[in-house]
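Report on the structure given below.
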There are 2 protein chains.
Amino acid sequence: MELTPAAKKFILHWGEMGQAWGINRTMAQVHALLFVAPDSLDAEEISRLLDVSRSNVSTSLRELMTWGIVKRVHVIGDRRDRFEALKDVMETFRVIMAERKRREMDPTIALLEHCVEEAEGGDSRDDYTREQLEKMLDFTRMLTAWYSQIDRLPTPALRRIFTAGAKIARMFGAQTPHEANVN
Amino acid sequence: MELTPAAKKFILHWGEMGQAWGINRTMAQVHALLFVAPDSLDAEEISRLLDVSRSNVSTSLRELMTWGIVKRVHVIGDRRDRFEALKDVMETFRVIMAERKRREMDPTIALLEHCVEEAEGGDSRDDYTREQLEKMLDFTRMLTAWYSQIDRLPTPALRRIFTAGAKIARMFGAQTPHEANVN
DNA sequence: CCGAAATTTCCGTCACTACTGAAAAGTATA
DNA sequence: TATACTTTTCAGTAGTGACGGAAATTTCGG
């Protein structure tokens with residue numbers, strides 16, 4: 001098996017995107033490869049196709065598995081581990097979101113709570129900082145609460161929400177009397 | 001002016017978060033500092049408070065300004081440039097989203113379109129890859145379309161959407177007859 | 001128009017992370 | 001249990017990007 005030009009371009013681009021989002025390039029490339037690959041691949045093959053070392057592949061695969069977007073699979077008659085990615089884009093997206101929430105949003109909320117609490121004891125010179133931190137905390141809580149609600153839904157419902165952007169905008173876009181007064 | 005413990009912790013954490021999202025640490029720290037600072041700061045002061053070089057601050061500020069979340073301001077009687085961050089969290093979030101869409105989503109869509117087109121000419125062995133790329137393209141388009149609709153709304157409407165997660169979930173969560181059959 | 005203050009640019013250095021190769025550990029088969 | 005095959009770990013290396021310091025440029029007051 002060799003990579004088609006389209007697959008190559010996608011894999012390289014995915015690597016770049018990964019970097020922009022704080023994900024190591026090889027890891028993103030391995031994911032991209034598994035995503036477009038018709039069959040599961042073994043580590044050796046991945047190493048060959050991406051031209052990176054076997055050990056680098058091993059590390060990347062482990063990471064991808066802890067993220068939950070790549071799974072180890074086996075085929076009878078082959079001792080080697082084989083790997084395949086989640087093939088459903090929405091599902092992949094959800095898993096990544098859930099993981100980033102867990103790794104980044106939750107700790108951020110905890111830290112902000114701590115900071116706000118600490119800033120309450122401070123002298124009045126710190127009032128402004130405390131207010132800003134509170135606003136940041138409120139916003140982060142709002143986002144994660146929204147996410148939690150949405151994440152409960154099955155994939156088709158999620159898809160409906162995302163295709164209903166205009167409808168949602170219309171529903172929530174109406175100005176309240178107060179806002180109308182302000183404008 | 002010196003940093004309070006709460007401010008320090010927030011700034012450090014924000015730096016870490018930045019890294020996880022592909023943003024350089026100093027840049028994130030400068031932003032955090034300006035976000036919690038009661039008044040605008042000049043570059044010298046930022047350099048001192050964060051203990052990084054003047055030139056590093058200069059670069060970070062320029063980047064933050066191209067992102068549009070930090071503005072140059074002047075006070076009479078002071079030749080030095082002073083800087084302040086957007087103080088509204090939601091607004092900051094919006095600006096960052098818009099910028100990332102422009103920098104990452106749009107190019108990704110362009111590339112995926114190109115790849116799909118190219119893969120159409122290929123032999124049937126590439127069908128699966130093409131299908132996967134198409135799915136990825138559809139998903140990306142769906143997301144950006146949703147975003148475009150939502151982004152039109154004024155901030156209060158946006159806030160209403162984000163506080164209405166449960167309501168939205170209820171509205172779109174109802175199963176269609178088809179889905180009910182499948183389950 | 002000159003000089004001082006402030007800012008930006010540039011290039012060398014440093015630090016960090018990704019990466020490799022080799023060795024170690026693990027696993028299945030005979 | 002030995003052996004061949006596979007995966008993982010680890011320690012050293014390389015490469016990338018952040019950073020600092022100095023020089024160059026710009027800006028402003030006198």
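The analysis underlying the following values was restricted to heavy atoms, covering all of them including side chains, and did not include hydrogens, waters or symmetry mates.
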Any residue of residues 35-56 of chain A with a heavy atom less than 4.0 Å from an atom of DNA chain C: A/Val52, A/Ser53, A/Ser55, A/Asn56
Pairing residues for A/Glu45 by the side-chain contact (heavy atoms from CB on, under 4.5 Å) criterion, not counting sequence neighbours: A/Met1, A/Leu41, A/Asp42, A/Arg48, A/Leu49
ring-ring contact (aromatic ring centres under 6.0 Å, His included): pairs with one or both residues in residues 40-75 of chain A, sequence neighbours excluded: none
Short N-O contact, A/Asp127 and A/Arg130, less than 4.0 angstrom: yes
Salt bridge (Lys or Arg N to Asp or Glu O under 4.0 Å) against A/Asp88, all qualifying residues, sequence neighbours excluded: none
Cation-aromatic face contact A/Arg100/B/Trp21, 6.0 Å, 45 degrees: yes
Touch class at under 4.0 angstrom, heavy-atom based, for B/Arg72 against every strand present: sugar-phosphate
Nearest-angstrom distance from the residue atom CZ of A/Phe83 to P of D/dT6: 13 Å
Pairs meeting criterion salt bridge (Lys or Arg N to Asp or Glu O under 4.0 Å) with involvement of residues 49-58 of chain A, two or more places apart: A/Glu44-A/Arg54
Summary of ring-ring contact (aromatic ring centres under 6.0 Å, His included) pairs that have at least one residue in residues 124-148 of chain B, sequence neighbours excluded: A/Phe93-B/Phe139, A/Phe162-B/Trp146
Rounded distance in Å - CD (A/Glu63) to P (C/dC19): 12 Å
Any pair counted as salt bridge (Lys or Arg N to Asp or Glu O under 4.0 Å), so long as it reaches residues 148-158 of chain A, sequence neighbours left out: A/Arg94-A/Asp151
B/Thr59: side-chain contact (heavy atoms from CB on, under 4.5 Å) partners, not counting sequence neighbours: B/Arg62
Spacing of A/Arg62 atom CZ relative to C/dC19 atom P, expressed in whole Å: 14 Å
Nucleotide C/dA6, atom P - distance to CG of B/Leu61 in whole Å: 16 Å
Results of side-chain contact (heavy atoms from CB on, under 4.5 Å) for A/Ile109 - residues two or more places apart only: A/Glu113, A/Leu137, A/Thr140, A/Arg141, A/Thr144
Nucleotide C/dT17, atom C1' - distance to CE of A/Met27 in whole Å: 14 Å
Residues touching DNA chain D, which here means a heavy atom under 4.0 Å, drawn from residues 74-81 of chain A: A/Arg79, A/Arg80, A/Asp81
Proximity to DNA chain C (any heavy atom under 4.0 Å), residues of residues 10-26 of chain A only: A/Asn24, A/Arg25, A/Thr26
For atom CZ of A/Arg82 and atom C1' of D/dT7, their distance in whole Å: 15 Å
Residue pairs, two or more places apart or on separate chains, that pass ring-ring contact (aromatic ring centres under 6.0 Å, His included) and touch residues 98-121 of chain B: none
